[in-house]
Amino acid sequence: MTGFRVIKGGILSLVQDTGRLRYQHLGVTRGGPLDAKSASWANRLLDNDPDAAVIEITAGGLELESRTQIMVAVTGGDLNLTLNGEPQPPWRSFWVRQGDRLKFATPRYGFRAYLAVSGGFQTTPILGSRATVQRDHLGGVDGKGSALKAGDELPCGHLQEETLSREIPMQYLPEISQDLVLHLIPGYQQHEFSKEAWQTLWHNEYTLSQNSNRMGARLEGMEIATPNKTFLSEGVSYGAVQVPANGQPIIMLEDRQTLGGYPKLGNILPLDGFRLAQCMPGAKIRFKPMSLAEGQQQMRRYLRFFGL
């Protein structure tokens, strides 16, 4: 098996596929790309299986040397990618030959890029997935949840004949902004929060904290009053908006803990969560209510389009 050699691992570069399903009851979280829509587009550009493994590059710094010839695709944020020193815009596929170097620098816009190759990266699956979850020590090149580092080998295929490059039509490109409105679907604990708490949420702006990570997006802003009672721990879903005792919301993401007892306002629309993944710390966040029926309709369209 040929592939790519890692010259520099960058800030945080991880092998990800659609995630590790059916293990949350054992305390194993799903993992997967934070901007799943961009990862899906990268695979679509190459006619890959929707579950094919890609590389999630956060904030740049990744440098790779090709040991093969293959088609690659890059989507998500613009991390000033160059191929042998020549700038390469995102949201397109292109041909890479043996000895070529791909280098991701600091972001021009967005925060995460996704690199796919024809057929996907062929790391060893752990519990049925190649997704890297550092907190669970699962996935990645070493199978132990490590981020990419210098000297790692990323196995993938080899194409004999060059195929045509593709790019995503402009009308399909997502809006990437550092001012974001998140649509919130109130959950079953919504009535535990006071009217004043909800007014605080709807009418104030929050800032994405430097302490955010793949487990959760921590927000800073006007304190939301929490219910004066104790809640039992329960399963935590993607996009759940928890409010701990300090009143600062936390949006649970792909590497979240599987159980939690903080009160929850509800869940954000997952499509908005993908846009949140492109926000740098300091981004401005507002919330807007959405009905469950509207959220389901939007998600069905997305899942059908990508065959997920």
Side-chain angles (χ1 to χ4, degrees), residues 24 29-30 32-38 111-112 174-209 211-229 231-303:
Q24 186 163 320
T29 197
R30 174 173 177 166
L34 289 185
D35 183 356
K37 188 173 184 180
S38 290
F111 197 51
R112 292 177 171 89
E175 178 185 353
I176 295 178
S177 173
Q178 300 304 306
D179 294 292
L180 188 59
V181 174
L182 300 178
H183 292 87
L184 178 74
I185 302 166
Y188 82 97
Q189 293 179 349
Q190 61 180 292
H191 301 299
E192 303 288 351
F193 290 86
S194 66
K195 180 180 178 181
E196 291 73 24
W198 282 105
Q199 292 299 313
T200 299
L201 179 76
W202 300 137
H203 297 297
N204 286 279
E205 184 177 77
Y206 290 84
T207 301
L208 183 62
S209 169
N211 294 324
S212 299
N213 53 34
R214 284 184 49 88
M215 290 180 62
R218 294 179 176 271
L219 305 184
E220 299 171 344
M222 187 69 70
E223 181 178 335
I224 297 171
T226 55
N228 187 26
K229 62 181 292 186
F231 293 85
L232 294 176
S233 290
E234 61 182 3
V236 178
S237 60
Y238 172 83
V241 182
Q242 296 185 339
V243 186
N246 65 3
Q248 303 298 300
I250 306 172
I251 302 170
M252 308 312 295
L253 300 178
E254 297 292 1
D255 289 4
R256 63 195 177 276
Q257 69 270 23
T258 56
L259 293 174
Y262 288 133
K264 293 174 284 294
L265 293 160
N267 282 63
I268 64 166
L269 178 70
L271 293 170
D272 289 346
F274 306 158
R275 295 173 62 206
L276 177 62
Q278 294 298 345
C279 290
M280 301 180 187
K284 302 304 180 183
I285 309 294
R286 285 188 173 272
F287 289 91
K288 183 178 180 180
M290 173 177 275
S291 70
L292 176 60
E294 173 62 19
Q296 289 173 330
Q297 184 181 48
Q298 290 198 31
M299 288 308 298
R300 279 196 296 266
R301 281 199 298 265
Y302 162 73
L303 295 170

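Just so you know, residue 1 is the first one in the sequence shown, and it goes up from there. Treat the numbers as computed from the prediction; the structure is a model and nothing was measured.
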Using 0.5 Å steps for rounding, measure from the [atom1] atom of [X] to the [atom2] atom of [Y].
X: Tyr238; Y: Ile268; atom1: OH; atom2: CD1; result: 5.0 Å
X: Trp202; Y: Arg286; atom1: CH2; atom2: CZ; result: 12.5 Å
X: Gln242; Y: Gln248; atom1: CD; atom2: CD; result: 14.0 Å
X: Tyr206; Y: Thr200; atom1: OH; atom2: OG1; result: 6.0 Å
X: Arg214; Y: Asp255; atom1: CZ; atom2: CG; result: 4.0 Å
X: Glu175; Y: Leu180; atom1: CD; atom2: CG; result: 8.5 Å

Taking the side chain as every heavy atom from C-beta outward, state whether [X] and [Y] have any pair of such atoms under 4.5 Å apart.
X: Gln24; Y: Arg30; result: no
X: Leu201; Y: Phe193; result: no
X: Met252; Y: Ile250; result: yes
X: Ile285; Y: Leu276; result: yes
X: Met299; Y: Pro270; result: yes

Which atom names give the shortest non-hydrogen contact between [X] and [Y], and what distance separates them?
X: Leu259; Y: Gly235; result: CD2-N, 3.7 Å
X: Ala225; Y: Ala197; result: O-CB, 3.5 Å
X: Cys279; Y: Phe111; result: O-CD2, 3.8 Å
X: Ser209; Y: Pro281; result: O-CB, 4.0 Å
X: Leu184; Y: Gly266; result: CD1-C, 3.8 Å
X: Ala217; Y: Leu208; result: CB-CD1, 3.8 Å

Just say parallel, tilted or perpendicular for the rings of Phe274 and Tyr302, cut-offs at 30° and 60°. tilted

Should we count CZ of Arg218 as having more than 12 external heavy atoms under 6.0 Å? no

Can you tell me if CE on Met222 sees more than 12 non-hydrogen neighbours from other groups inside 6.0 Å? no

Any donor-acceptor N/O pair, [X] side chain to [Y] backbone, under 3.5 Å:
X: Thr226; Y: Ala245; result: no
X: Asp35; Y: Ala277; result: no
X: Gln278; Y: Ser177; result: no
X: Ser291; Y: Glu294; result: yes

Exactly one of His203, Glu196, Lys195 clears side chain to side chain donor-acceptor pair (under 3.5 Å) with Gln199, and that residue is His203

Lys284 vs Thr207, side chain to side chain contact (heavy atoms under 4.5 Å, CB included): CA-CA, chis, key distance, verdict: CA-CA 5 Å; Lys284 302 304 180 183; Thr207 301; 3.0 Å; yes

Is it possible for you to check whether Lys264 lies under 6.0 Å from the centre of the six-membered ring of Tyr262, through NZ or CZ, and within 45° of that ring's axis? no

